[in-house]
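The sequence lines fix the lettering, A, B, ..., with proteins before strands; numbering per chain opens at 1. Computed over heavy atoms, backbone and side chain alike; hydrogens, waters and symmetry mates excluded.
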2 protein chains.
Amino acid sequence: METTVRNKQVILKDYVKGSPKESDLLIVSSTVELKVKPGSSAILVKNLYLSCDPYMGILMGEPNPSTSALMDVFFVPGKPIAGIGVSRVIDSDDPTFSKGDFVWGTVDWEEYSIINPTGSFKIDLNINVPLSYYTGILGMPGLTAYAGFYEICSPKKGETVFISAASGAVGQLVGQFAKLMGCYVVGSAGSKEKVDLLVQKLGFDDAFNYKEEHDTDSALKRCFPKGIDIYFENVGGKMLDAVLLNMKTYGRISVCGMISQYHLETRDIVHNLPVIMFKRLRMQGFASFDFIDRFPKFLEFILPYIKDGKLTYVEDIVEGLENGPAALVGLFRGQNIGKQILEVSRE
Amino acid sequence: METTVRNKQVILKDYVKGSPKESDLLIVSSTVELKVKPGSSAILVKNLYLSCDPYMGILMGEPNPSTSALMDVFFVPGKPIAGIGVSRVIDSDDPTFSKGDFVWGTVDWEEYSIINPTGSFKIDLNINVPLSYYTGILGMPGLTAYAGFYEICSPKKGETVFISAASGAVGQLVGQFAKLMGCYVVGSAGSKEKVDLLVQKLGFDDAFNYKEEHDTDSALKRCFPKGIDIYFENVGGKMLDAVLLNMKTYGRISVCGMISQYHLETRDIVHNLPVIMFKRLRMQGFASFDFIDRFPKFLEFILPYIKDGKLTYVEDIVEGLENGPAALVGLFRGQNIGKQILEVSRE
């Protein structure tokens, strides 16, 4: 017997210009049959958690030759947006997945998805962590922090590390990795609550609220009187310009994101680039999917730390698909405290 | 018998603000005894060729925390400026140097210098090249091109390479190295004569005069319809901004210099930095003296090419110490065609 159920979806109305707004997204209701077509090799999943990530803002815009270098597939007006999700298998035509399995991978923003599971990872329930972790510490943000810090930053014990957007999905992990390595770690964030979180809960040596600092250069000089060895860049623009002035010779800047710049009509002016030569800095962009082959090694590395309680992961979970648009666009205003997740369903 | 002779010098009047002008330098006449003090371990040299290099413009300004990361010692108002020179030993209190030896290393801009020769290299006259080559292809610019291209750019056969200030001391070599490796090489320069030189004499695949291109982005798209793998950066500013839009994914930018930006009150705006993340670019500053340990390997590499006539080196030699100020500041207006050298004396 086939059952047809409601399937709410989050649709992109049109290519977004400027910063994404809630009104750029639409909740629509379609239906789905709770059965996959025999011979399709597909799986039908019920989506439990959807990940809200800054790169999704880029995919809401019309692709251009620069942004399209990041991803092959952009969001299509009139269709659901997509991202990483944690889901439960309802039906499967793929022998490697069975009804009741939990998986994570790319899904459309909707209640149920029919997917080609070649890009889906089966979740091992013997690992005793919240399922939502697969959108964060055990998923792409975790791999991003791991590859970005250990492979791009070339960190050494005792070095000074600065992280912008430090309480976000990636920044909070980079800070903790850097502390585990014996670095001096400072983060910036956009509210007192986030700054307190960094110092009191995540073990950062220091932190500041960039919105309350009259002069970022002075704030950096106060936190790093001898300069910065490693800058983990999440925001770009004016922050980068001030950081350049405070880097040490041979410093490294890993460019994980430049969230402050994605949606500006006219991007911030960066004046201080000649410093890259004066100080012989290395500045490198990267994306987690370039390191997907490191995933097993990453899990081997991180799971013992989670088990031993040596890593904390702060999540900001919003419930209900209909609250997805607000959660997603809130990222670009820094509304989230920790990793932003949308809980579509608990089971 | 001690002989005292005239010793003309080029003096920095005061810290330079903005672009260096001839009037920032002064020719003065002092005297020197043509004998070193016994026990001083010094050598007395007659300077033959003095190297004019863009970094010297930075050293003419008042040191600030950014520029002072490049060099320990800046020029001092009221004292001679200094740079790399080729000299003949007149007298020596160091057993490793004898009267009549030729050396290269740092000297003040003057006719005769008394130097501590620990940083001087003895020139092997069995290598049959013009002595002036030790300010260029066999000196720091040569090492800069070698280390910058082979170590910082990670080049591969068949890749596309763009070089700005391509006919300069370093650029002309990088282009030839890239051709030897089987890359597609395009250079930019500031006059028709330089562009012709690049294509007709130095073997570049293509070149353009950036001053005559209405739109740098279009010029780059014309030369690199499929994008740029490697950018050898000598100029910075607007050129870098246009190049970023034309880099391929995983491209590399080696920052050798940003000559267009050193002396601006307000530097050019670079808008396109988020491309570093979208395209996962690596951008790295370097300086030749960080690679000084590679010098013997560099000579082993380059001498056979010179001997076999497979590398060309274009020099722009100005005669007479009194013409030094014009030659040096001319660099910042792109007056030189090829490596700018000041010939103080022929022997």
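Between A:Arg280 and B:Leu70, the closest side-chain pair of non-hydrogen atoms falls below 4.5 Å. B:Pro65 is not listed as a side-chain neighbour of A:Leu245, based on a closest heavy-atom distance of 4.5 Å or more. You'll find the side chain of A:Ile269 stays beyond 4.5 Å of the side chain of B:Arg267, heavy atoms only. Contact of the B:Leu273 side chain with the A:Leu273 side chain is registered, since non-hydrogen atoms from C-beta on lie closer than 4.5 Å.
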Side chain to side chain contact (heavy atoms under 4.5 Å, CB included) between B:Ile58 and A:Met277, intermediate numbers included: CA-CA 12 Å; B:Ile58 299 165; A:Met277 195 276 281; 4.3 Å; yes
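Only the backbone of A:Asp268 comes within less than 4.5 Å of a heavy atom of chain B; no side-chain atom from C-beta onward does. In this structure, chain B has no heavy atom under 4.5 Å from any part of A:Tyr55. When heavy atoms are compared at a cutoff of 4.5 Å, B:Val275 approaches chain A solely by way of its side chain, counted from C-beta outward. For A:Leu281, the part sitting under 4.5 Å from any heavy atom of chain B is the backbone (N, CA, C, O) and nothing else. Only the side chain of A:Leu240 comes within contact range of chain B, with heavy atoms under 4.5 Å apart.
In this structure, A:Gln284 CD and B:Ile253 CD1 are separated by 11.5 Å, a value rounded to the nearest 0.5 Å. Note: A:Met283 CE to B:Met283 CE = 6.5 Å, rounded to the nearest 0.5 Å. Taking OG of B:Ser68 as the start and NZ of A:Lys279 as the end, the distance is 8.5 Å to the nearest 0.5 Å. Remark: A:Asp290 CG to B:Thr249 OG1 distance equals 9.0 Å, nearest 0.5 Å.
Closest approach of A:Gln261 to B:Pro274, counting heavy atoms only: CB-CG, 3.8 Å.
Heavy-atom contacts from other residues, nucleotides or ligands closer than 6.0 Å to CG of B:Asp215 number more than 12. Other residues, nucleotides and ligands contribute over 12 non-hydrogen atoms within 6.0 Å of the CG atom of B:Asp293. Enclosure of atom NZ in B:Lys238 is not indicated, since only 12 or fewer non-hydrogen atoms of other residues, nucleotides or ligands lie within 6.0 angstrom.
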